[in-house]
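Heads up, the thing below is written out as structure tokens.
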Amino acid sequence: MIAALQQLQGRFSFEVEVVDVDRHPALEAKWGDKVPVLLDGEIEICHYHLNVEALDARLARMK
């Protein structure tokens with residue numbers, strides 16, 4: 001998912017923060033079964049694989 005996101009960074013301006021869910025019990029309890037998960041704050045954009053349409057929709061709302 002990270003590689004796919006990096007490819008989109010030329011098209012859109014955004015930063016990626018990678019968090020190891022296994023090191024944070026609260027995050028593991030909430031997101032552990034969906035890793036990798038892409039979030040914008042507390043809002044889930046997609047999980048397991050990058051959903052470009054969902055990311056496009058989220059980024060469009062941020063403009």
Side-chain angles (χ1 to χ4, degrees):
M1 186 181 292
I2 293 171
L5 286 167
Q6 289 171 334
Q7 290 178 354
L8 293 175
Q9 283 182 312
R11 195 170 129 209
F12 299 103
S13 177
F14 62 89
E15 295 181 20
V16 176
E17 178 184 0
V18 177
V19 177
D20 185 351
V21 170
D22 293 335
R23 292 179 177 250
H24 304 275
L27 294 177
E28 185 176 18
K30 188 170 184 176
W31 302 108
D33 61 337
K34 293 185 174 183
V35 173
V37 60
L38 179 62
L39 303 172
D40 177 20
E42 290 292 319
I43 299 172
E44 179 183 343
I45 298 172
C46 58
H47 59 273
Y48 301 137
H49 304 283
L50 180 62
N51 180 330
V52 176
E53 290 180 12
L55 178 59
D56 279 345
R58 184 68 189 157
L59 291 171
R61 281 186 228 124
M62 298 170 69
K63 289 183 179 177

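The model shown is predicted, which means the values in this text are computed figures rather than measured ones. For reference, positions follow the sequence shown, starting with 1.
Considering CD of Gln9 and CZ of Phe14, their distance stands at 4.5 Å, rounded to 0.5 Å. Note: Glu44 CD to Lys30 NZ = 10.0 Å, rounded to the nearest 0.5 Å.
Side chains of Trp31 and Leu39 form a contact here, defined as non-hydrogen atoms less than 4.5 Å apart. Residues Glu53 and Arg58 fail the side-chain proximity criterion, which asks for heavy atoms closer than 4.5 Å. Side-chain contact check for Pro36 versus His49: every heavy-atom pair is 4.5 Å or farther apart. Residues Val37 and Ile45 have side chains not in contact (no heavy-atom distance under 4.5 Å, counting atoms from C-beta outward).
Among Ile43, Asn51, Leu5, Val16, the one residue that satisfies the side-chain contact (heavy atoms from CB on, under 4.5 Å) test with Leu38 is Leu5.
Residues Arg11 and Asp56 are paired through a salt bridge, judged by an N-O separation under 4.0 Å between the basic side chain and the carboxylate. Between Arg23 and Glu28 no salt bridge is recorded (no basic side-chain N to carboxylate O distance below 4.0 Å).
Under the 4.5 Å side-chain heavy-atom criterion for ILVMFWY residues, a single connected hydrophobic cluster contains both Val18 and Phe12. Val52 and Leu59 fall within a single hydrophobic cluster, where Ile, Leu, Val, Met, Phe, Trp and Tyr side chains are chained together by heavy-atom contacts under 4.5 Å.
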Working note: Leu8 + Leu50, criterion side chain to side chain contact (heavy atoms under 4.5 Å, CB included); need CA distance, chi angles, decisive distance, verdict. CA-CA 11 Å; Leu8 293 175; Leu50 180 62; 3.8 Å; yes
